[in-house]
Protein chains: 2
Amino acid sequence: MDTCAETLVHPDAVAAARRVVDDAPVDALAETFKVLGDPTRARILLALSVRELCVCDLADLLSVSQSAVSHQLRLLRAHRLVRFRREGKLVYYSLDDDHVRTLFAEGLRHVKEG
Amino acid sequence: MDTCAETLVHPDAVAAARRVVDDAPVDALAETFKVLGDPTRARILLALSVRELCVCDLADLLSVSQSAVSHQLRLLRAHRLVRFRREGKLVYYSLDDDHVRTLFAEGLRHVKEG
DNA sequence: TGATCACTTGATCATGTGCTCATATATAGA
DNA sequence: TCTATATATGAGCACATGATCAAGTGATCA
């Protein structure tokens, strides 16, 4: 790690920032964003924000193979972003968390203010 | 695309969801989240949420090579997430957008309610 | 101008990721 | 039980991505 000099330019500022960065669960946070950061998964979540949907309807509406959807749903499940319930042969998925709606709303705001 | 059947299970629901998904700038949204979804970039943004910092201090506080930081800052710049100003030999970066703080706060809320 | 420092950028490479294909599981109905 | 339908999952592969290394740019100062 080749720092600019032997001593920092702004030791106090760096110390304060380091405290904030080290205290926050950055890795978990980044991983959550990474999950949201894929077009297919984002579409899935956006669709589920309208209402719960079964896997095959999701696949159709996203024009993605059922297998691909299923793989992504598995990931979303692992991150507690969606829940599911079985009804006969169908499996219905829905958002597990209202934070997702808030995150999307805020993200859209950033995107739109070009 | 192998849909479950020739006809959808819930045509109306799918139509409504499709409208929402197609109307939103999903790709841009997902790309923004993807940018936030890397530990190094998340740390950079978190550090900058404390105060503006020069590149070498950022590199030091994150224990990442200065080149790596610079590459990531370039990306963050491209997505209008950080701004910079030159002061002599140093280049100071800061958050370009308050949405980032909001997004991080909401993301942390999701992560913490384990 | 030449040296040095702070930063940027291009090339390269190892790793990660998302899709497809094939196969497995689960449920319903004959 | 046998078949059909809906979903899940493992393997494999093409492509994206983040770090490093080396070289380039811009600014200060002797």
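Chain identifiers are assigned alphabetically (A, B, ...) following the order of the sequence lines, protein sequences preceding nucleic acid strands; residue numbering begins at 1 within each chain.
- Residues meeting the ring pair (Phe, Tyr, Trp, His ring centres under 6.0 Å) test with B/Tyr93, sequence neighbours left out: B/Phe84.
- Protein atom CD of A/Gln66 is 12 Å distant from nucleotide atom C1' of C/dT20, rounded to whole Å.
- As rounded to whole Å, 10 Å separates atom C1' of C/dC7 from atom CG of B/Leu73.
- Between A/Asp27 atom CG and C/dG16 atom P the separation is 14 Å, expressed in whole Å.
- Atom CZ in A/Phe84 sits roughly 11 Å away from atom C1' in D/dT7 (whole-Å rounding).
- Between the B/Arg41 side chain and the B/Lys34 main chain, a donor and an acceptor come within less than 3.5 Å of each other.
- We find that CZ of B/Arg74 is positioned 14 Å from P of D/dT25, with the value rounded to whole Å.
- The salt bridge (Lys or Arg N to Asp or Glu O under 4.0 Å) check on A/Arg18 picks up B/Asp60, with sequence neighbours excluded.
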Between the protein and nucleotides 21-30 of chain C, list the N/O to N/O atom pairs that are separated by less than 3.5 angstrom.
unit_1, atom_1, unit_2, atom_2, d
C/dC21, N4, A/Ser67, OG, 2.8

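- Taking both residues in full, the closest heavy atoms of A/Leu62 and A/Thr40 are given as CD1-O, 4.5 Å, listed atom of the first, atom of the second, then distance.
- Following rounding to the nearest Å, A/Leu75 (CG) and D/dG10 (P) show an atom-to-atom distance of 13 Å.
- Less than 4.0 Å separates DNA chain C from at least one heavy atom of each of the following residues of residues 32-45 of chain A: A/Lys34, A/Asp38, A/Thr40, A/Arg41.
- Checked against side chain to side chain contact (heavy atoms under 4.5 Å, CB included), A/Thr102 has the following partners two or more places apart in sequence or in another chain: B/Glu106.
- Ring-plane geometry between A/His110 and B/His99 is classed as perpendicular, the angle between the planes exceeding 60 degrees on a 0 to 90 degree scale with a lower cut at 30.
- Annotation: the span from B/Leu46 atom CG to A/Leu29 atom CG amounts to 7.5 Å, rounded to 0.5 Å.
- Between A/Asp22 and B/Arg43 there is no salt bridge, since no side-chain N of the basic residue sits under 4.0 Å from a carboxylate O of the acidic one.
- Put simply, B/Ser65 has a side-chain N or O that comes within less than 4.0 Å of OP1 or OP2 on D/dT20.
- The CD-C1' distance, from B/Glu52 to C/dC7, rounds to 16 Å in whole Å.
- Sequence order on DNA chain C of the closest nucleotides to B/Tyr92 and A/Gln72 puts B/Tyr92 first from the 5' end.
- The CZ atom of A/Arg85 sits 15 Å away from the C1' atom of D/dA6 (whole-angstrom rounding).
- Residues meeting the side chain to side chain contact (heavy atoms under 4.5 Å, CB included) test with B/Asp98, sequence neighbours left out: B/Arg101.
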